[in-house]
Amino acid sequence: GVNLIGENPGTTIIHGDFKLRSDVITAKGNNRIEGLTVTGGGAYEGTPSSAIKIEGGNVTVTGCQITGNRDYGIYVTTPEPVTIENNELRDNHIGVQLPGDGTVIRNNRFLQNQIGVNILGGAKTLMDGNEFRNSTFASIYEYADGKNPTRGYAIVRNNLFSGNVETPTYRYGSALP
C-alpha cells in the first residue's frame, strides 16, 4: 500500500472541501497515515462521508489532527487489524466509527465531538489510554443490534473522561463508558 506521511500536522493539511458522499483519504490496506491535518469531510447525505475511510487491514493512523469534519473523522469498514494512535480528533460529528474486533484505539485525544467513538455490532475493540472531553452526545457509544446486552463488548481501560454528555438510548445502544 501507499504511505501518506506529512512534515507535521501544522503545515501538512488536506482539506476535502466538505464534499458530500465522499472521503478525503481512503486507505485500502497496508497503509500508514502520519503527521497530517485532515479536515473538510462532508456531511452525511444517505452515504457516509469521512476524513479518513479505512477499507483494508494493516492500516495505522498516527500523529494526525482529524478536525472539523461534518460526518466521520475516521470511518473503519474492515474487521481486519487497524491501529489508531496518538491523534487528536476534534469537532467531528463522530470521531471514529468502526465495526470490527481488529481495531486498536490508543493514546488519542477526542475533543468536542458529538460522539467520540461509535462501535457497531458488538465489536471487541481495544480502547486504551485515550482522553475523551466535551462530547455532546456520548464519549463511547456501542451499538449491538439484536445483541444483549447492548454494551460491554469493547475493552475500555486507562481512559480519561471529562465534561462529556452521556446520552443512553434504548433504541440504539448504550452511551455509558
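Computed from heavy atoms alone, side chains included, the values below leave out hydrogens, waters and symmetry copies.
- Placement of Val24 and Tyr44 in two distinct hydrophobic clusters is found when ILVMFWY residues are connected by side-chain heavy-atom separations under 4.5 Å, directly or transitively.
- Taking the ring centre of Phe18 as origin, the terminal cationic atom of Arg70 falls inside the region bounded by 6.0 Å and 45° from the ring axis.
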- request: Test side chain to side chain contact (heavy atoms under 4.5 Å, CB included) on Val61 and Ile74 and set out the steps.
  value: CA-CA 9 Å; Val61 180; Ile74 300 174; 4.1 Å; yes
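- Between atom CZ of residue Phe137 and atom CD1 of residue Ile94 there is a gap of 9.5 Å, rounded to the nearest 0.5 Å.
- Of the possible polar contacts, none joining the Thr67 side chain to the Thr39 backbone as a donor-acceptor pair under 3.5 Å is found.
- In this structure, Arg157 pairs ionically with Asp128, as a charged nitrogen and a carboxylate oxygen lie closer than 4.0 Å.
- Annotation: salt bridge (charged side-chain N to carboxylate O under 4.0 Å, His left out) contacts involving residues 112-126, sequence neighbours excluded, are absent.
- In this structure a side-chain-to-backbone donor-acceptor pair under 3.5 Å is present from Thr77 to Ile54.
- One N or O on the side chain of Glu166 and one on the backbone of Ser139 form a donor-acceptor pair closer than 3.5 Å.
- Contact annotation: the side chain of Thr136 never approaches that of Asn134 to less than 4.5 Å [non-hydrogen atoms, C-beta and beyond].
- Contact annotation: the side chain of Glu80 never approaches that of Val82 to less than 4.5 Å [non-hydrogen atoms, C-beta and beyond].
- How far CG of Asn69 is from NE2 of His93: 11.5 Å, rounded to the nearest 0.5 Å.
- Listed by first and then second residue, the salt bridge (charged side-chain N to carboxylate O under 4.0 Å, His left out) pairs that reach into residues 4-19 come to none, sequence neighbours excluded.
- Using a 4.5 Å cut-off on side-chain heavy atoms (C-beta onward), Val38 and Cys64 make no contact.
- In this structure the side chain of Ile84 never reaches within 4.5 angstrom of the side chain of Thr60, judged on heavy atoms.
- Taking each heavy atom of Phe132 and Asn159 in turn, the nearest pair found is CE1-OD1, 4.0 Å.
- Put simply, the residue from Asn158, Asn107, Asn108 that forms a side chain to side chain donor-acceptor pair (under 3.5 Å) with Asn130 is Asn108.
- A side-chain donor-acceptor contact under 3.5 Å links Asp71 to the backbone of Ser49.
- Side-chain contact check for Ser135 and Asn164: at least one donor-acceptor pair (N or O, by modelled atom type) lies under 3.5 Å.
- Under a 3.5 Å cut-off, the side chain of Asn87 and the backbone N or O of Gly63 do form a donor-acceptor pair.
- Here the OH atom belonging to Tyr72 is positioned 3.5 Å from the CD atom belonging to Gln97, to the nearest 0.5 angstrom.
- Note that CD of Gln114 and OG1 of Thr167 are 8.5 Å apart. Values are rounded to the nearest 0.5 Å.
- When atom types are taken as modelled, the side chain of Asp23 and the backbone of Ser50 share a donor-acceptor pair closer than 3.5 angstrom.
- Residue pairs meeting the salt bridge (charged side-chain N to carboxylate O under 4.0 Å, His left out) criterion with at least one member in residues 129-139, sequence neighbours excluded, are Arg109-Glu131, Glu131-Arg133.
- Taking every heavy atom of both residues into account, Gly56 and Thr78 meet most closely at O-CG2, 3.5 Å.
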- request: Carefully, step by step, assess Met127 and Ile119 under the rule side chain to side chain contact (heavy atoms under 4.5 Å, CB included).
  value: CA-CA 11 Å; Met127 288 182 284; Ile119 304 167; 3.4 Å; yes
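- One finds the CG atom of Asn8 at 11.0 Å from the CD atom of Glu34 (value rounded to the nearest 0.5 Å).
- Residues Leu98 and Ile105 have side chains in contact (heavy-atom distance under 4.5 Å, counting atoms from C-beta outward).
- For the pair Thr125/Ile155, no side-chain contact is recorded, criterion being any heavy-atom separation below 4.5 Å from C-beta on.
- The two atoms that bring Thr62 and Arg32 nearest to each other are CG2-NH2, 3.4 Å, heavy atoms only.
- Proximity of a side-chain donor or acceptor of Asn113 to a complementary backbone N or O of Leu89 within less than 3.5 Å is detected.
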Side chain to side chain contact (heavy atoms under 4.5 Å, CB included) evaluation trace for Val96 with Asn118: CA-CA 6 Å; Val96 176; Asn118 192 30; over 6 Å; no
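- The shortest non-hydrogen separation linking Ala51 to Ile66 is CB-CG2, 3.8 Å.
- Clustering ILVMFWY residues whenever any of their side-chain heavy atoms sit less than 4.5 angstrom apart, transitively, puts Leu111 in a cluster other than the one holding Val156.
- Taking CD1 of Ile52 as the start and CD1 of Ile25 as the end, the distance is 5.0 Å to the nearest 0.5 Å.
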